[in-house]
> 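Pasting a structure below so you can have a look.
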Number of protein chains: 2
Amino acid sequence: MTIQNKRENIMTSALALFAERGFDATTVPMIATSANVGAGTIYRYFENKEVLVNTLFQDYVRTFTKTIEDQFPFQQSVRQQFHHIFKAMILFTNQNEHALYFIKKHSAAHFLDSQSQEDFTQLLNLLRSFFDTGKEQSIIRNLPSEALIAILYGAFIELQNLVRAGELQPDPELFTGIENSLWDSVRSHS
Amino acid sequence: MTIQNKRENIMTSALALFAERGFDATTVPMIATSANVGAGTIYRYFENKEVLVNTLFQDYVRTFTKTIEDQFPFQQSVRQQFHHIFKAMILFTNQNEHALYFIKKHSAAHFLDSQSQEDFTQLLNLLRSFFDTGKEQSIIRNLPSEALIAILYGAFIELQNLVRAGELQPDPELFTGIENSLWDSVRSHS
DNA sequence: AGGAAATGAATGAACGTTCATTCCGTTAAT
DNA sequence: ATTAACGGAATGAACGTTCATTCATTTCCT
């Protein structure tokens, strides 16, 4: 196993455990066992448990932000921009199974350093500016953008949890239905 | 302070701490300090930390379920039933500040005993039967009831977090707007 | 005074972290 | 081609700390 693989292995194991059990209920030996390394090995790659969780947090928040920003259809309709964001959320979740839930679960945690908080704020700003633009055009419902983000984000995460738990079959039809539901929750019905 | 008050005091303090920090990051001495009692006193009222958290969980899940069931307008329209549920969520949150978030945060936790899980399932069943009825009448969107619950529940909790954090002003106008948004997310737009 | 309630220092288990040791791939010498 | 020496990577037992829990003692109330 290469060094890069081993580092990623530790990160992937830690991500899944942090997402499932939470930071505080996950022990370093647990991560080590799951990653098939000795407990001490983790400290060759990460200064300590908090550095590990912050590294993970920043990594995935940035990747998620980039996924939304990538080829964002600035010229097109608000509805199409919403579709792009929704697609990005699905794509990111498919490519990083536990990442969104991990982010959600720890985005207000006491151990986040200032860099992690900054990265998360940037993600929120991106969503906020989308909703603000949509409201200016009277296409998005007249609610605080914070609230609109909460609705979209809260509902989406809860749904992905059901999919992860196997209680919901992730077929395209379902996703279209959910996209429409969430669009109807944020759009203006004048 | 009466015995009943002391017990409630411990429960209220534990609730707030569990909601804010999570079960694993909350220590028993923390709860004791917050409740102005000695650490040992907690063990006069609760066998151990897990019994305490399960007692809290069952208490609040049952109260929440009762709040929804109380005066439920079975005879009236699905929209009015939805309004009742939404009002119940607001009422319950006003009367039990941290309770809904506590429930949310721990409803899939590893330390929940079978009684807690059963109580939570009953709450879900109540919501599920509301959505099922609404779908039969083609008033509710044709999505799995699990998904509809996730949307309503996920969005609502996320919004209450913003209110608790002071990032959203809880005025009646906002709540009406949110109720409409969530109704539009679950209703059928034929 | 007597008995129940409350206490918080003491305890042992479990945690994050360290570090003396082992392992293993590469290099160099024969 | 084989072997010896080297050094960074990996290890997991051991350390100090923190936690949940206990219990000998004190406090409170009747």
Side-chain angles (χ1 to χ4, degrees), chain A residues 1-59 98 102 105-106 109-113 115-116, chain B residues 1-59 98 102 105-106 109-113 115-116:
Chain A
M1 196 189 295
T2 70
I3 278 191
Q4 210 45 246
N5 280 352
K6 185 157 290 198
R7 198 186 132 95
E8 267 174 35
N9 212 15
I10 292 170
M11 287 182 75
T12 307
S13 294
L15 176 69
L17 285 164
F18 286 155
E20 272 159 31
R21 311 179 45 94
F23 176 77
D24 292 297
T26 303
T27 70
V28 173
M30 264 180 214
I31 299 168
T33 302
S34 165
N36 283 113
V37 299
T41 307
I42 289 175
Y43 290 84
R44 294 196 54 76
Y45 294 92
F46 302 95
E47 202 184 321
N48 55 45
K49 197 187 173 191
E50 293 211 355
V51 167
L52 168 58
V53 77
N54 276 283
T55 303
L56 274 175
F57 189 86
Q58 290 162 31
D59 249 46
H98 301 89
F102 162 77
K105 205 166 191 166
H106 299 97
H110 53 91
F111 49 75
L112 287 190
D113 62 25
Q115 184 62 61
S116 294
Chain B
M1 195 187 297
T2 71
I3 277 190
Q4 209 46 247
N5 280 350
K6 186 158 288 195
R7 198 186 133 95
E8 268 175 34
N9 212 14
I10 292 169
M11 288 181 74
T12 307
S13 294
L15 175 69
L17 285 164
F18 286 156
E20 272 159 30
R21 312 178 45 95
F23 175 78
D24 293 295
T26 302
T27 69
V28 173
M30 261 181 218
I31 299 169
T33 301
S34 165
N36 283 113
V37 299
T41 306
I42 289 175
Y43 289 84
R44 294 195 54 77
Y45 294 92
F46 302 96
E47 202 185 323
N48 55 47
K49 196 186 172 191
E50 292 211 354
V51 167
L52 168 58
V53 76
N54 276 282
T55 304
L56 273 176
F57 189 85
Q58 290 163 30
D59 250 47
H98 301 90
F102 163 76
K105 204 166 192 166
H106 300 97
H110 52 92
F111 49 75
L112 287 189
D113 61 25
Q115 184 61 62
S116 293

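Sequence lines set the chain letters: A, B, ... in the order given, protein chains first and strands last, and positions in each chain run from 1. The structure displayed is predicted, hence computed values, not measured ones.
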> I want to confirm an ordering. Mapping A/R44 and A/A39 to their closest nucleotides on DNA chain D, which one lands closer to the 5' end?
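Final value for this comparison: A/R44.
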> In terms of relative ring orientation, are B/H106 and B/F111 parallel, tilted or perpendicular, with 30° and 60° separating the classes?
tilted
> B/F46 has an atom CZ; how far is it from atom C1' of C/dA6, in whole Å?
15 Å
> Look at the aromatic rings of A/F57 and A/F102 and report parallel, tilted or perpendicular, splitting at 30° and 60°.
perpendicular
> Can you figure out which of D/dC19, C/dG16, D/dA10 approaches the side chain of A/P29 most closely?
C/dG16
> Take atom CZ of A/F111 and atom C1' of C/dG16, then tell me their distance rounded to the nearest Å.
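In whole Å, C/dG16 C1' lies 15 Å from A/F111 CZ.
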> Just the rounded figure in Å: distance from C1' of C/dG16 to CG of B/D24.
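For the pair B/D24 CG and C/dG16 C1', the rounded distance is 15 Å.
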> Specify the residue among B/G40 and A/G40 whose closest nucleotide of DNA chain C lies further upstream toward the 5′ end.
B/G40
> What closest approach, in Å, do B/I42 and B/V28 show between heavy atoms, and which atom pair accounts for it?
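Scanning both residues, the minimum pair turns out to be CD1-O, 3.8 Å.
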> According to a strict under-4.0 Å criterion, is A/K49 in side-chain N/O contact with OP1 or OP2 of C/dT17?
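Checking C/dT17 against A/K49, no side-chain N or O comes under 4.0 Å of OP1 or OP2.
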> Just how far, in rounded Å, is C1' of C/dA14 from CZ of A/R21?
13 Å
> Measure from CD1 on B/I10 to C1' on C/dA5 and round the result to the nearest Å.
12 Å
> I need the OH-P distance between B/Y43 and D/dT21, as an integer number of Å.
4 Å
> Applying a 4.0 Å non-hydrogen cut-off, can you work out what B/T33 is touching in the nucleic acid: base, sugar-phosphate, or nothing?
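Contact class for B/T33: none.
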> Quick one: which of C/dA6, C/dG16, D/dA20 gets closest to the side chain of A/T27?
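The answer is C/dG16.
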> Could you check B/T55, B/N54, B/L56 and say which one makes a side chain to side chain contact (heavy atoms under 4.5 Å, CB included) with B/Q58?
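So, applying the side chain to side chain contact (heavy atoms under 4.5 Å, CB included) to B/Q58 and each of B/T55, B/N54, B/L56, only B/N54 qualifies.
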> From the list C/dA6, D/dA9, C/dG16, which nucleotide is the closest neighbour of the side chain of A/Y45?
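So the nucleotide nearest the side chain must be D/dA9.
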> Grab the CG-P distance between A/N48 and C/dT18 for me, whole Å please.
8 Å
> Less than 4.5 Å apart, any side-chain heavy atom of B/Y45 and any of B/M11?
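They are not in side-chain contact.
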> Just the rounded figure in Å: distance from P of D/dA10 to CD1 of A/I42.
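After rounding, the reported distance stands at 12 Å.
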